[in-house]
Amino acid sequence: MDKEYNPNNIEANIQKYWDDNNSFVCKLDNPSEKFYCLSMFPYPSGKLHIGHVRNYTIGDVIARSNRMLGKNVFQPMGWDSFGLPAENAAIANDIHPSEWTRNNIIHMKSQLKRLGYAYDWSKEISTSDPDYYKWEQWFFLKLLKKKLVYKKLSEVNWDPVDKTVLANEQVIDGKGWRSGANIERREIAQWFLKITDYAESLLDDINQLSDWPSSVKMMQKNWIGKSQGALVKFPISSSSDSKYFIETYTTRLDTICGVTFLAVSPSHEIVKNTNNLSDNVVKFIEKCNSLKISEETLSTITKEGVDTGIRVINPITKKEIPVWVANYVLSDYGTGSVMSVPAHDTRDNEFAKKYNLPTKKVIKSDTDDAFTEKGILINSGEYDNMDYTTATNAILESLKKQNLGMQKINYRLRDWGISRQRYWGCPIPVFYHNDGSVYPVPDEDLPVKLPEDIDFNLDGNPLDNHPTWKYIKCPYTGKDAIRETDTFDTFFESSWYYLRFLSSDSKKEIFNHNKNHWLPVDQYIGGIEHAILHLLYARFFHKLFRDEGIIDSDEPFSSLLSQGMVLKDGHKMSKSKGNTIDPDDIVKKYGADTIRLFIMFSAPPEQNLEWSDQAIEGSYKFLKRLWILTHKIINMKEVVTNDSSDSNSINIKLHMTIKKVSNDIFKRNNFNTAIASIMEFFNDLSKYSQSNNINRELLLSGITTIVKMLSPITPHITQELWFQLGFKTNLMDVSWPEVDEEIINESRKEIVVQVNGKLRGKISIESNQSEDEIKSMVESNSNIRKYIDGCEIINVIYVKDRLINYVIQNEK
RNA sequence: GGCGAAGUGGUGGAAUUGGUAUACACGGCAGAUUCAAAACCUGCUCCUUCGGGUUGAGGGUUCGAGUCCCUCCUUCGCUACCA
């Protein structure tokens, strides 16, 4: 037995013990209560970063502690292994994406093992593995059959020099990151998934997610963005043909008489289809086309626009108004055009002021700024004096009669564009005949595998450039055909991996229906940055699988924990800032238990965590003290039994600590305060061990309880100490300690005495003393009397086991 | 721009349901130990005119506000092709 705490030896031995005993393998058909604990699988970028360590430590602590409650815990791990960085590495380092990815996985897996995470590696999956993406292709074809997939033109960032489509993050200040060329927007035909068909159910079922953070639910609700409004047609006045009009969507039909112009997006049909636009307008549209396709960019630029010269008729007032093209109008929200009411919309107001467009007030208010609330109508002819609802209904009636409007529920959510013009992704399993008609690859020909021999030195999509891969014979007709060369968005793979973990070995089916009771996932843990996209897509896929009869539940994740980021000096760690921390260095120096303890102790999981090289020493020091005290207790030969009051208060503290730690871990996910209470009790126990009257049994019971409660957090040192305390079992399978509530209830309580809300003293009371008894104790206490004497007591507020507050007048 | 968070000592943070603000740590200071140092151990550590004051700023509700409400400031995440 080592005298000193030597984490590297201990951790290697304990990890070998776990390996030898297959400690992490989950028998999925075991009948005891299941607990599916899932941490978001990583993109194999090369090395684990500290954010991974945080994510996975939180998940592992939850998995291990629930196992101690007797649950059958399944905690798998895998790799989100398709994606852009592999292609970048291929170009930069002349290494094949599959090789780069494979190497990264090998390295990162060894790092995860070194950190002691209890993953069931027998169920490991890699999304770039054809065994995985085969099923994704299979499922896509089901959706195609159901007409939940379609193709349409959509804008991308185009790099005219590299002749390639760029991701938003690859466009820096409007220029391609590699070529430096000004990017252009370009429309290309792409595949879309009809997520909007599920908008209503994705919105409704948020109500089922009682154990999700409300912030995440709120963000999803707002992202889906359901609104009740109306479609309104504005006929074009220069055209006598009633077929020509501009359609707008509005939620404020009551303000229609205040519309002073229409604003359309630069890619609106009306702009595309009008031939005689002035140079001015054409130039403006060209300028807009050099902006990248992100909402963020579009909404933060200076608002600009030009008059197109086109005029339309307001269907209610019959007045003619101009049509402007404006850079802030989104082409894919609503109809891509806005009826602008400068008097009652902030953005329209700004724009009108800038270009001296008229403002017409139609809702009664005192302000000259944009008044955006609902109110009573004015300047609206026959609709004057109506309120919002009455006016909206009346105006809608008039529009309906003219065939120029209808009620409409609109969603901000758009269909999901899943096409990527990239190599390192899952091939979309369709092909085309020469006439452009689309055919699914037959199920028996799946998977459509990526070719290995690929040239990254050519411009454009490497898959499209491959000399032979895309040329095939149609399996139905034998005619010449061409494969789809787009691959899936990588969010596609991560939308269903949680389900595949349960049937990862099956070559016959995507999901074994006998595993249905394992869904939904009981606890999902991952970064807050995934609050919208990944989590919404996974929820969407779950419903698609349900409607395909593959699974039975409505939602994939019953409980969600969104952990915050790890910061250094208040900033996100990044290579460019040079403020990264390599977890390997920390593990080498202090061991896995120390980094796990530090990460769990330094902040609650949902908050950002500030990294500190100094503070980690403290965690190491604590483990050293734990090691030393445990050995001291083990080596105490004499049993000095003494019923001192010290022993009594240690025993009370022991049970109060178990209660608090259990509540913090299982109910609150506040591991930092759980650790703080363990430390507090440890400090008390340590002091007690140095006193004259000690009870060895109590010390043993105290330290054993500490070892158990720390074991999910620092599993190596605790297992080693467990052995040294004389136990032969696997600590992972030992039951969580139990609280003796009676010991806590019978202890004395300290309550606070306040006078007018100010702290004036403290008294110690028995557990069952009445309010009157407490009052007389307070009023006979001379230290407190001096604040009350000679004053009129107006009220006394007593909060059980907490405080008593005297409200007095004529305070001295 | 929109949506969602966060802001408490020198630092990370605690205060769970509106009830003792600063638990538990880090750092610092002093002591003990040592030939000396490291390690370990013990104590102290918000400000103060000693009445009191203090939770990003300013208002409000309440017997009582870090916590609830209003206005504002700063930082962070997401914003549909980073994952």
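Throughout, a chain's letter reflects where its sequence line sits, starting with A, and its residues are numbered from 1.
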List, one per line, each side-chain donor-acceptor pair under 3.5 Å for residues 411-418 of chain A, sequence neighbours excluded.
| unit_1 | atom_1 | unit_2 | atom_2 | d |
| --- | --- | --- | --- | --- |
| Tyr411(A) | OH | Glu200(A) | OE1 | 2.2 |
| Arg412(A) | NE | Trp223(A) | O | 3.2 |
| Asp415(A) | OD1 | Ile195(A) | N | 3.2 |
| Asp415(A) | OD1 | Thr196(A) | N | 3.0 |
| Asp415(A) | OD1 | Thr196(A) | OG1 | 2.7 |
| Asp415(A) | OD2 | Tyr150(A) | OH | 2.7 |
| Trp416(A) | NE1 | Asp489(A) | OD2 | 3.0 |

Taking only residues two or more places apart in sequence, or in another chain, which ones meet [X] in a ring-ring contact (aromatic ring centres under 6.0 Å, His included)?
{"X": "Tyr198(A)", "answer": "Phe540(A)"}
{"X": "Tyr133(A)", "answer": "Phe82(A)"}
{"X": "Trp79(A)", "answer": "none"}

Between the protein and nucleotides 43-46 of chain B, list every N/O to N/O distance that falls short of 3.5 Å.
none

chi for G9(B) classified (syn = within 90 degrees of 0, anti otherwise) as syn
Regarding G51(B), purine or pyrimidine glycosidic angle vs 90° from 0 gives syn
Heavy atoms only, 4.0 Å cut-off, all strands: where does [X] land among base, sugar-phosphate and nothing?
{"X": "Leu413(A)", "answer": "base"}
{"X": "His530(A)", "answer": "base"}
{"X": "Pro213(A)", "answer": "nothing"}
{"X": "Val156(A)", "answer": "base"}

Sequence neighbours excluded, the answer for side chain to side chain contact (heavy atoms under 4.5 Å, CB included) partners of Met40(A) is Asn55(A), Tyr497(A), Tyr524(A), His530(A), His534(A), Leu535(A)
Using the 3.5 Å cut-off, write out each protein N or O paired with an N or O of nucleotides 23-32 of chain B and the distance between them.
| unit_1 | atom_1 | unit_2 | atom_2 | d |
| --- | --- | --- | --- | --- |
| A23(B) | O2' | Glu680(A) | OE1 | 3.3 |
| A25(B) | OP1 | Asn683(A) | ND2 | 2.4 |
| C26(B) | OP1 | Lys621(A) | NZ | 3.3 |

Got a list of protein N/O to nucleotides 58-68 of chain B N/O distances below 3.5 Å?
| unit_1 | atom_1 | unit_2 | atom_2 | d |
| --- | --- | --- | --- | --- |
| C63(B) | O2 | Asn805(A) | ND2 | 2.5 |

Among the nucleotides [options], which one has an atom lying closest to any side-chain atom of [X]?
{"X": "Gln607(A)", "options": "C82(B), G13(B), U20(B)", "value": "G13(B)"}
{"X": "Trp223(A)", "options": "U79(B), C81(B), G12(B)", "value": "U79(B)"}
{"X": "Glu610(A)", "options": "U20(B), G12(B), A83(B)", "value": "G12(B)"}

- Counting only distance, no hydrogens or angles, is the base of G1(B) paired donor-acceptor with the side chain of Glu295(A) under 3.5 Å? yes
Under a 4.0 Å heavy-atom cutoff, the residues of residues 420-427 of chain A touching RNA chain B are Arg420(A), Gln421(A), Arg422(A)
Within residues 662-669 of chain A, the residues having a heavy atom closer than 4.0 Å to RNA chain B are Asn663(A), Arg668(A)
For RNA chain B, the expected dot-bracket line (Watson-Crick or G-U under 3.5 Å, [ ] crossing, | inter-strand) is (((((((..(((......[....)))(((((.........)))))((....))..(((((..]....))))))))))))....
- Task: Please state the P separation for the pair U33(B) and G27(B) - nearest whole angstrom.
- Result: 23 Å
The complete set of side-chain hydrogen bond (donor to acceptor under 3.5 Å, both in side chains) pairs with one or both residues in residues 616-625 of chain A, sequence neighbours excluded, reads Tyr590(A)-Glu617(A), Arg625(A)-Asn683(A)
